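Model, not experiment: these values are computed from the prediction.
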Amino acid sequence: MTTLTHSSDTLTRDALAVLQPGFRGTTAPDWLLRRIGEGLTSVGLFGRNITSPAQLAALTAQLRAERDDVLVAIDEEGGDVTRLEVRDGSSFPGNYALGSVDDVDLTRAVARELGGRLAACGVNLNWAPSADVNSDVNNPVIGVRSFGADPALVSRHTAAYVEGLQSAGVAACTKHFPGHGDTAVDSHHALPRIDVDFDTLHARELAPFRSAIAAGSKSVMSAHILLSALDPNRPATLSPQIVTGLLREELGFDGLIVTDGIEMQAIASTYGIERGSVLAIAAGVDAICVGGGLADEGTVLRLRDALVDAVREGELPEERLADAAARVRALADWTLRVRGASGPGAAVQEGTAPGIGSTGAGSGTDIGLVAARRALRVTGTIEPLQEAPYVASFAPAANIAVGDETPWGVAAELTALLPGTGTGTYGGENTAAEVLAAAGERRIVAVVRDIHRHPWMAAVLDGILAARPDTAVVEMGVNHAEPTGSPHIATYGAARVCGRAAAEALTGREA
């Protein structure tokens, strides 16, 4: 184990303060509580840390017993990327659905409700919203996480989301600066490169971030992407030109700058997490997000010591680390003041915080379902299903941000409305003949996700439609391909409420 420097040492405390680590388990391990006592100011939570609202509230209370102003962060976008409801699917549609409705009041209300649920469980920093303009329809990691492909639309909904979330006392972290929408590579796996001109970047990628800053976003998350027009040598997270020159000085952002996960391969495989963390802080970043994959004490100590050593060796100015730590503490202080102003929340009892391990029933608001219903787009005429159908779900590999733990589709919702509904999940190795044989005489509901990105999926669906033209098609990803099926239903996301809205449309009944 790394030798611990004196806990009173300012340099060590500052190095711990700029880390936002994760951990494994549903209670805080002793090592994490000890590091909080030594200066660690932030903790990141993931789906693996959450089982119920009561458990989550107890966990955040455990952390606050060590430090009352600790920043408890989470990656809760709603829609396809949910940590609160990782095992059930989200009670809120994601950005793509909200952008398709294009009602900023609705987006603001959804974000406010989501923020309220986070705050009730003691979470005060949300790594959301995504402000990426999804200009590449083949983007493998953004897609439905974006409000859309139009910069003006993305800008107004990003601002509304920030306003709604922060009105609930939860700090927004607008991401992925300066924009991850025009990429064909997932930065979890490699370093994406965007080669567009400076004017395009300003007009397209940066517009939503300007709106987020104007709306008062408390933090911004950097992207691990190379933008040759801004810095041909270093990815945005490690670039002084982008982090300090563009975000701080040109755009005037004065809040907390957080990295995307430092262990993502775009950084880890090219610089290493220690070197990457030092370069990020030196570039002007204030906090290092780590823990999606590396979630152990050793990682925290390695990064802490790398920062301390960099200062002592003259590679990282001590005042830059101190400034970064001060910004982290300033945001922590803001969350504490907001929580104090709103008064202590009611204790969260098992099953009473809707949307975490529940269906959201009895919440007093079904704003997420309302939004999902409004987002639905139907091409063709729906003849409501009267008998239990066969649901064939075509499942592409999930990206790391979404994960494969969260259920999606319409099968469960249709089964609730039409008991006896048959189901099957298919991949690239399956054929139309297999689906047709499994369905028998039952009406087929084919559920797809980003069919325009998956030729195998389109080929199997074509075979099904040739034999059974009455097949209903439900697209739960980016709605880019030409509508097929009788009818074609686009949900603009795969959240649980999106599946419910589609099932209601197919049956003519409310679930």
Side-chain angles (χ1 to χ4, degrees), residues 79 89 93 96-97 100-102 144 359 366 368-396 407-426 430-452 454 456-511:
Y96 189 45
S100 74
V101 177
D102 196 13
V144 297
T359 62
D366 288 317
L369 181 57
V370 168
R373 287 169 175 160
R374 288 184 62 186
L376 215 65
R377 297 292 182 272
V378 178
T379 302
T381 302
I382 295 180
E383 294 183 10
L385 296 170
Q386 302 298 330
E387 298 178 353
Y390 181 78
V391 178
S393 299
F394 297 92
W408 66 280
V410 302
E413 302 295 340
L414 275 176
T415 300
L417 293 170
L418 294 172
T421 292
T423 64
T425 301
Y426 300 90
N430 296 117
T431 65
E434 291 175 275
V435 178
L436 293 167
E441 297 301 315
R442 289 172 291 184
R443 178 91 176 273
I444 299 174
V445 177
V447 185
V448 298
R449 201 167 175 176
D450 293 345
I451 195 171
H452 67 283
H454 304 288
W456 66 265
M457 195 184 296
V460 175
L461 182 61
D462 286 346
I464 295 170
L465 290 170
R468 298 283 294 274
D470 66 341
T471 295
V473 176
V474 181
E475 169 63 83
M476 303 194 78
V478 173
N479 186 33
H480 181 70
E482 284 296 317
T484 57
S486 181
H488 179 277
I489 298 175
T491 61
Y492 293 83
R496 176 173 49 80
V497 285
C498 296
R500 179 172 170 181
E504 292 176 346
L506 286 165
T507 61
R509 311 178 193 176
E510 288 195 0

Taking the side chain from Asp450 and the backbone from Val478, do they hold a donor-acceptor pair closer than 3.5 Å?
-> yes

Minimum heavy-atom separation for [X] and [Y], please, with both atom names.
X: Val410; Y: Ala502; result: CG1-CB, 3.9 Å
X: Gly79; Y: Ala495; result: CA-CB, 3.7 Å
X: Gly89; Y: Arg496; result: O-NE, 3.2 Å
X: Phe394; Y: Pro396; result: O-CD, 3.2 Å
X: Ala411; Y: Thr423; result: CB-CG2, 3.4 Å
X: Ala97; Y: Ser100; result: O-OG, 2.7 Å

Name each donor-acceptor pair under 3.5 Å that joins a side chain in residues 482-493 to protein atoms two or more places apart or in another chain, with its distance.
from: Thr491; atom 1: OG1; to: Glu475; atom 2: O; distance (Å): 3.3
from: Thr491; atom 1: OG1; to: Gly493; atom 2: O; distance (Å): 2.7
from: Tyr492; atom 1: OH; to: Asn479; atom 2: ND2; distance (Å): 3.3

Nearest 0.5 Å please: distance from the [atom1] atom of [X] over to the [atom2] atom of [Y].
X: Thr507; Y: Glu413; atom1: OG1; atom2: CD; value: 10.5 Å
X: Leu417; Y: Glu510; atom1: CG; atom2: CD; value: 10.0 Å
X: Ile451; Y: Trp456; atom1: CD1; atom2: CH2; value: 8.5 Å

Only distances under 3.5 Å count here; give the side-chain donor-acceptor pairs of residues 460-472 to other protein atoms, sequence neighbours excluded, each with its distance to 0.1 Å.
from: Arg468; atom 1: NH1; to: Gly440; atom 2: O; distance (Å): 3.0
from: Arg468; atom 1: NH2; to: Arg442; atom 2: O; distance (Å): 2.5
from: Thr471; atom 1: OG1; to: Arg468; atom 2: O; distance (Å): 2.8

Of all residues at least two apart in sequence or in a different chain, which pass the side-chain contact (heavy atoms from CB on, under 4.5 Å) check with Ala494?
->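 For Ala494 the side-chain contact (heavy atoms from CB on, under 4.5 Å) partners, ignoring immediate neighbours, are Asp80, Trp408, Arg449, Met476.
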
Test side-chain contact (heavy atoms from CB on, under 4.5 Å) applied to Val101 - qualifying residues, sequence neighbours left out = Asp103, Leu106, Arg374, Ala375

Side-chain donor-acceptor pairs of residues 379-391 under 3.5 Å, sequence neighbours excluded:
from: Gln386; atom 1: NE2; to: Pro384; atom 2: O; distance (Å): 3.4
from: Tyr390; atom 1: OH; to: Tyr426; atom 2: OH; distance (Å): 2.5

Is there side-chain contact between Val473 and Val445, with heavy atoms separated by less than 4.5 Å?
->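 The answer is no, as the side chains (C-beta and beyond) never meet within the 4.5 Å cut-off.
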
Any side-chain heavy-atom pair from Leu506 and Leu414 closer than 4.5 angstrom?
->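 Side chain of Leu506 against side chain of Leu414, heavy atoms only: contact under 4.5 Å found.
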
Salt bridge (charged side-chain N to carboxylate O under 4.0 Å, His left out) partners of Arg377, counting only residues at least two apart = none

